[in-house]
Structures are given as C-alpha cells and as structure tokens.
Amino acid sequence: MALLNVNIDHVATIRQARKTDEPDPAWAASICELAGANGITVHLRQDRRHISDRDVEVLKQTVASKFNLEMSIAEPIVKIAERIRPDQVTLVPEKRAELTTEGGLDCVKNKKRIAAIVKRMHKKGILVSTFITPNEEHILASAETGCDAVELHTGMYANAKTDRAIEKTLNALRDGRDIALTSGLIVHAGHGLTYRNIAPVAKIEGLCEFNIGHSIVSRAVLVGMKQATQEMIKLING
Ligand code: PXP
C-alpha cells in the first residue's frame, strides 16, 4: 500500500499573506494525521516564504507520524536539520525566484556534497531522500551518495497534455523506479499530483510514498483538511 505525506507548506502561505499567526501549520498537521496521513512534509525555504523556523520546531514536537523536511543543500539549512532531527530529509534544488521547486536535484554535479550531507544526517538517525528527475544518471549518482530513497519528480507527468505524452512520462517513472529499486533505493514520488491525475501514478507498483501539497491544501480550503486528506488516500489506494 502506498502512503501519503501531506505537504502543508501552503497552509503557511495563507498565514504569510497577512504575516499573522493563523492558520498554524501544526493545526493542519494534526488533522492530516487524524485523517490517516502517513506523514507531514514541509519545505523550509531559504527565503522563508511560507514555512518558518518556528514551524519546523513546533512540528518536530507535535507530529506523531513521519516528519519529512524538504530542504536545499545549503549549509545553514543543513545545520538546522541536524539540530531539529526530522525523521527524513528530502534534498531539493532551490532557486530564489521560482514559484515552486523546479526540476530535480543535480546529483551528478552535487554528488560529493550530497554524500557528505547523507553521512551527517545518518549520524543523527535521519533518513535521506533526494528529489530527482527519473533519469538513470541521476538515480545512479544518488545511490552512490549512500542516500536511502529517491523521490521521483512527477512534474513532467503532471504537465503532459496528450495521451502519448502522458504514457511517455509514466514509462519514464516506471523505468526510474526499476533503476532505483535495483540500486537498493526506496522509491517515493511527488510534485504536481492532483485528485485528477493521481490514479495512473498510484498504480505504479513500488512507489511507496507520495508527497502531495498544493492540490490537497486547495481542496481543504473548500471541504476541510480531514476530507481532503481522506479523499486523496482513497485515490492512492485505488
Ligand atoms: N515533493 C517535492 C520534493 C516538492 O518540492 C514539492 C513542492 O514543495 C512537492 C513534492 C509537492 O508538490 P505539490 O505541491 O505540487 O503537490
């Protein structure tokens, strides 16, 4: 059975629209957990545009399920992860001007740096996943860093418009899964997944964890976080 981690960054985005103290992502995290989520994911960006240092501290203390911290490989953020000790970190590329994470982490170019981070995280008992495009070179480079898992970037699938393009991106995810599993990695997936497009990806065996944010928080604004989380879990499990 594949598991759902709800990315609650955009609960913090609503709060930051007024720079006030509501809604608190910790409230949302509790409801997601009560609704059956496997874990809670947040991205502590270097510009702190949504999730704050305080959020990460509070969530570390209050999340009873899996706490997955998405983060760049920049040293100040790595130090925060060492101090906070989430259950898992997912290493992502980060550009200042982007609306959301664009593309995957370049594990070939950054292999040495990632390997050093993996060692430091493992010393603190933290699992490491790398967010990458389903590309053989990057998956193999990831495996060589000693990380535990890869999160395959589903953005190309989410953006595909024609049936042919969709099938091509699904095949790329299946191939990526095969390479990752053969390399001894756990396989996660995420980015751009919605209630409308999750079914074909959820059917890919071997993808054991999905990180989904924008679509769930968008639905939660209208139907509530509990219902939004439960509906996505139902779709993931067919
Ligand atoms: N996985 C990773 C690594 C991400 O960076 C993001 C966006 O923060 C997500 C999953 C969730 O993407 P979305 O908000 O499109 O569901």
Side-chain angles (χ1 to χ4, degrees), residues 2-14 16 25 28-29 32 37-51 55-56 59 66-74 77 81 86 88-107 110 114 117 127-134 138-139 142 147-160 169 173 176 180 185-199 201-202 207-221 225 228-229 231-233 235-236:
L3 301 168
L4 171 67
N5 297 335
V6 182
N7 179 319
I8 55 171
D9 288 350
H10 295 308
V11 174
T13 300
I14 297 170
Q16 294 311 107
C32 293
N38 164 71
I40 301 298
T41 297
V42 294
H43 184 172
L44 182 67
R45 293 186 66 99
Q46 291 174 84
D47 62 11
R48 307 296 198 273
R49 68 172 70 157
H50 37 54
I51 292 295
D55 292 333
V56 175
L59 289 166
K66 184 172 189 173
F67 182 31
N68 175 38
L69 179 66
E70 283 179 14
M71 60 178 221
S72 79
I73 57 175
I77 297 284
Q88 177 175 286
V89 294
T90 300
L91 304 179
V92 300
E94 198 176 292
K95 291 188 207 133
R96 295 243 161 207
E98 67 190 358
L99 284 178
T100 180
T101 316
E102 290 169 359
L105 186 62
D106 188 336
C107 292
N110 297 298
I114 296 169
I117 294 171
L127 293 170
V128 184
S129 177
T130 58
F131 181 55
I132 57 175
T133 50
H138 288 283
I139 298 169
S142 258
C147 70
D148 306 278
V150 283
E151 179 175 334
L152 298 181
H153 196 316
T154 49
M156 299 242 283
Y157 161 75
N159 291 331
T169 55
L173 290 167
L185 294 162
I186 297 164
V187 195
H188 307 154
H191 209 281
L193 296 174
T194 69
Y195 295 83
R196 286 199 177 82
N197 70 17
I198 184 69
V201 184
L207 303 185
C208 66
E209 210 170 286
F210 291 102
N211 287 297
I212 307 179
H214 186 265
S215 190
I216 294 177
V217 176
S218 301
R219 182 165 293 217
V221 170
M225 192 52 106
T229 301
E231 285 180 21
M232 187 57 87
I233 291 172
L235 289 173
I236 286 174

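In each ligand, atom 1 is the first atom listed, and ligand 1 is the first ligand listed.
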Closest protein heavy atom (residue, atom, distance) for atom 5 (O) of ligand 1: Thr101 OG1, 2.8 Å

Spacing of CD1 belonging to Ile51 relative to CG belonging to Leu59, to within rounding of 0.5 Å: 6.5 Å

Per-atom contacts, ligand 1 versus Glu151 - under 4.0 Å to a heavy atom: 1 (N), 2 (C), 3 (C), 10 (C)

Within-cut-off N or O pair, Gly213 and ligand 1, under 3.5 Å: yes

Protein heavy atom at shortest distance from atom 11 (C) of ligand 1: Asn211 O, 3.8 Å

Steps toward side chain to side chain contact (heavy atoms under 4.5 Å, CB included) verdict (Arg219, Met232): CA-CA 10 Å; Arg219 182 165 293 217; Met232 187 57 87; over 6 Å; no

Proximal atoms of ligand 1 relative to His214 (non-hydrogen, under 4.0 Å): 13 (P), 14 (O), 16 (O)

Criterion side-chain hydrogen bond (donor to acceptor under 3.5 Å, both in side chains) against Glu151, the qualifying member of Asn68, Asn211, Asn5: Asn211

Nearest protein heavy atom with distance in Å, relative to atom 15 (O) of ligand 1: Gly192 N, 2.8 Å

For Val92, atoms of ligand 1 separated by under 4.0 Å from a heavy atom: 3 (C)

Interatomic spacing from OG1 in Thr229 to CD1 in Ile216 - rounded to 0.5 Å: 5.5 Å

Test item, Ser215 contacting ligand 1 (heavy atom, 4.0 angstrom): no

Under 3.5 Å: N/O of Glu70 near N/O of ligand 1: yes

Parallel, tilted or perpendicular: ring planes of His153 versus Phe131, cut at 30 and 60 degrees: parallel

Enumerated ligand 1 atoms positioned under 4.0 Å from heavy atoms of Asn7: 8 (O)

Closest protein heavy atom to atom 12 (O) of ligand 1, given as residue, atom name and distance to 0.1 Å: His191 CA, 3.5 Å

Nearest-0.5 Å distance, SG of residue Cys147 to CD1 of residue Ile132: 7.5 Å

Backbone N/O of Val150 and side chain of Thr130: donor-acceptor pair under 3.5 Å: no

Side-chain donor or acceptor of Glu94 paired with backbone N/O of Gln46 under 3.5 Å: yes

